[in-house]
Amino acid sequence: MKFFIDTGDVAEIREAHSMGLVDGVTTNPSLIAKTGRKYKDVVVEICEIVNGPISAEVLSTTYDEMMGEAREWHKLHKNIVVKLPLIPDGLKAVRTCAQEGIHTNVTLCFSPNQALLAAKAGASYISPFIGRLDDISETGMELIEKIVTIYENYSYTTEVLVASVRNPTHVSDAAQLGADICTIPFPVMQQLIKHPLTDIGLKKFIDDSKKIPR
Ligand code: E4P
């Protein structure tokens with residue numbers, strides 16, 4: 001399973017990338033707003049750090065405006081994937097982008113049918129938001145299972161990008177279901193590394209090493 005990092009914080013991206021944990025990056029307007037920087041500046045800097053798909057989201061909601069933004073992002077860097085919302089004009093933009101060779105990530109997916117439509121429109125990636133489904137007492141991971149099955153049934157090439165990941169169990173469950181990618185916030189990546197028995201075991205090794213004659 002590929003790991004993307006879900007952030008606009010370039011320090012987090014550099015740190016995770018140095019551990020070999022970053023195959024790509026996803027951003028969204030909320031994440032970029034937290035940085036206090038211009039969207040374009042952040043995305044350009046990310047493209048210099050990571051050689052992989054970098055999702056940059058459109059800020060408009062009409063077909064013509066979204067296509068304008070999509071073409072601008074596409075011109076900026078070959079690795080930029082245009083993130084489009086799962087609304088009728090978004091699907092139209094996905095279709096046109098596919099015809100123009102612009103890669104797309106369809107965001108805000110909450111149902112198997114929405115994922116089916118995105119694949120039919122020609123999306124490169126579908127982003128089901130599992131954490132937000134868990135938040136309303138649904139089981140987000142069931143959506144991943146259904147989308148993986150649907151895409152396998154019809155051999156769609158759209159990659160399943162598990163989004164709104166909130167904890168390590170989301171990551172291991174997504175991997176067991178065969179999702180293509182998990183986009184993971186940096187604090188969750190740090191949680192993946194940690195295990196109390198690793199810390200206890202390492203402390204004992206260090207303590208015992210001091211008893212070894214030099
Ligand atoms: C995905 O592309 C989104 O940026 C992100 O995963 C949303 O996560 P959230 O529900 O924690 O905001």
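Indexing begins at 1, ligand by ligand and atom by atom, following the structure's order. Values reported hereafter were calculated over all heavy atoms of this structure, with side chains retained and with hydrogens, waters and symmetry mates removed.
Between the side chain of His17 and the backbone N or O of Ile13 there is no donor-acceptor pair closer than 3.5 Å. Distance alone, capped at 3.5 Å, is enough to place a donor-acceptor pair between the Thr96 side chain and the Lys92 backbone.
Within a 6.0 Å sphere centred on NE2 of His103, heavy atoms belonging to other residues, nucleotides or ligands number 12 at most.
Listed by number with element, the atoms of ligand 1 under 4.0 Å from a non-hydrogen atom of Ala163 are 1 (C), 6 (O). Residue Lys83 has at least one heavy-atom neighbour below 4.0 Å for each of these atoms of ligand 1: 1 (C), 2 (O), 3 (C), 4 (O). Residue Arg132 has at least one heavy-atom neighbour below 4.0 Å for each of these atoms of ligand 1: 7 (C), 9 (P), 10 (O), 12 (O).
Ranking protein heavy atoms by distance to atom 8 (O) of ligand 1, first place goes to Ser164 CA, 3.4 Å. For atom 4 (O) of ligand 1, the closest non-hydrogen atom on the protein side is Asn28 ND2, 2.7 Å. Annotation: atom 7 (C) of ligand 1 to nearest protein heavy atom, Phe129 CE2, 3.6 Å. Atom 11 (O) of ligand 1 has as its closest protein heavy atom Arg166 NE, 3.3 Å.
Side-chain contact annotation: Tyr125 with Thr107, donor-acceptor N/O pair under 3.5 Å absent.
Residue pairs meeting the salt bridge (charged side-chain N to carboxylate O under 4.0 Å, His left out) criterion with at least one partner in residues 60-85, sequence neighbours excluded, are Glu57-Lys83, Arg71-Glu100, Glu72-Lys75.
Checked against a 3.5 angstrom limit, the closest N/O atoms of Thr183 and ligand 1 fall outside it. The shortest N/O to N/O separation between Asp6 and ligand 1 falls below 3.5 Å.
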Can you give each donor-acceptor pair under 3.5 Å made by side-chain atoms of residues 141-158, sequence neighbours left out, with the distance rounded to 0.1 Å?
{"residue": "Thr149", "atom": "OG1", "partner": "Glu145", "partner atom": "O", "Å": "2.9"}
{"residue": "Tyr151", "atom": "OH", "partner": "Ala115", "partner atom": "O", "Å": "2.6"}
{"residue": "Thr158", "atom": "OG1", "partner": "Ala123", "partner atom": "O", "Å": "2.8"}

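Residue contact annotation: Glu57 has no non-hydrogen atom under 4.0 Å from ligand 1.
When hydrophobic clusters are built by joining Ile, Leu, Val, Met, Phe, Trp and Tyr residues whose side-chain heavy atoms come closer than 4.5 Å, directly or via intermediates, Val25 is grouped together with Val58.
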